[in-house]
Amino acid sequence: MDYVVNVGFESFVVRDRILAVLPIESSAVRRLKQLGMETGKIVNLTFGKKTKAVLITDSGHVIFSFLPPKRIIEKLFDN
């Protein structure tokens, strides 16, 4: 299963669909979060933990993960 990435708690995202992995701290990410809430394209994969990274997909979905961005990027480029 080289084409999917585990982003925590056995939740998987297709590797080729991810456009960006961003830290939650920036104001641009906060605006993306608001836009995703308005359009209904938020996927929350934190399972109650603090959000540390946001993944942007080519379909416009905004995915929240509790893993830090560095860890997700390591998983993406593990090959």
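Everything quoted here is computed from the prediction, not taken from an experiment.
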Using 0.5 Å steps for rounding, measure from the [atom1] atom of [X] to the [atom2] atom of [Y].
{"X": "Asn44", "Y": "Lys49", "atom1": "CG", "atom2": "NZ", "answer": "13.0 Å"}
{"X": "Leu67", "Y": "Leu55", "atom1": "CG", "atom2": "CG", "answer": "9.5 Å"}
{"X": "Lys52", "Y": "Ile72", "atom1": "NZ", "atom2": "CD1", "answer": "10.5 Å"}

**Request:** Without swapping roles, check the side chain of Ser11 against the backbone of Leu45 for a donor-acceptor pair under 3.5 Å.
**Result:**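 Absent.
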**Message:** Donor-acceptor pair, distance only, cut-off 3.5 Å: does the side chain of Arg17 make one with the backbone of Thr57?
**Reply:**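 Such a contact is absent between Arg17 side chain and Thr57 backbone.
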**Asked** Minimum heavy-atom separation for Pro23 to Pro69, with atom names?
**Response**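 So the minimum-distance heavy-atom pair works out to CA-CG, 3.8 Å.
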**Message:** If you compare all heavy atoms of Glu25 against all heavy atoms of Arg30, which two are closest, and at what distance to 0.1 Å?
**Reply:**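 Closest heavy-atom pair between Glu25 and Arg30: O-NH2, 3.2 Å.
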State yes or no: do [X] and [Y] share one hydrophobic cluster built from I, L, V, M, F, W and Y residues joined by side-chain heavy-atom distances below 4.5 Å, directly or via other members?
{"X": "Ile42", "Y": "Val21", "answer": "no"}
{"X": "Val43", "Y": "Val5", "answer": "yes"}
{"X": "Leu19", "Y": "Phe77", "answer": "no"}
{"X": "Ile18", "Y": "Ile56", "answer": "no"}

Heavy-atom check, side chain of [X] versus side chain of [Y], under 4.5 Å:
{"X": "Thr51", "Y": "Lys33", "result": "no"}
{"X": "Lys41", "Y": "Val62", "result": "no"}
{"X": "Phe64", "Y": "Val54", "result": "yes"}
{"X": "Leu22", "Y": "Leu32", "result": "yes"}

**Request:** Mind telling me whether Phe9 and Phe66 have parallel, tilted or perpendicular rings, with 30° and 60° as the class edges?
**Result:**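 Tilted: the ring planes of Phe66 and Phe9 meet at 30° to 60°.
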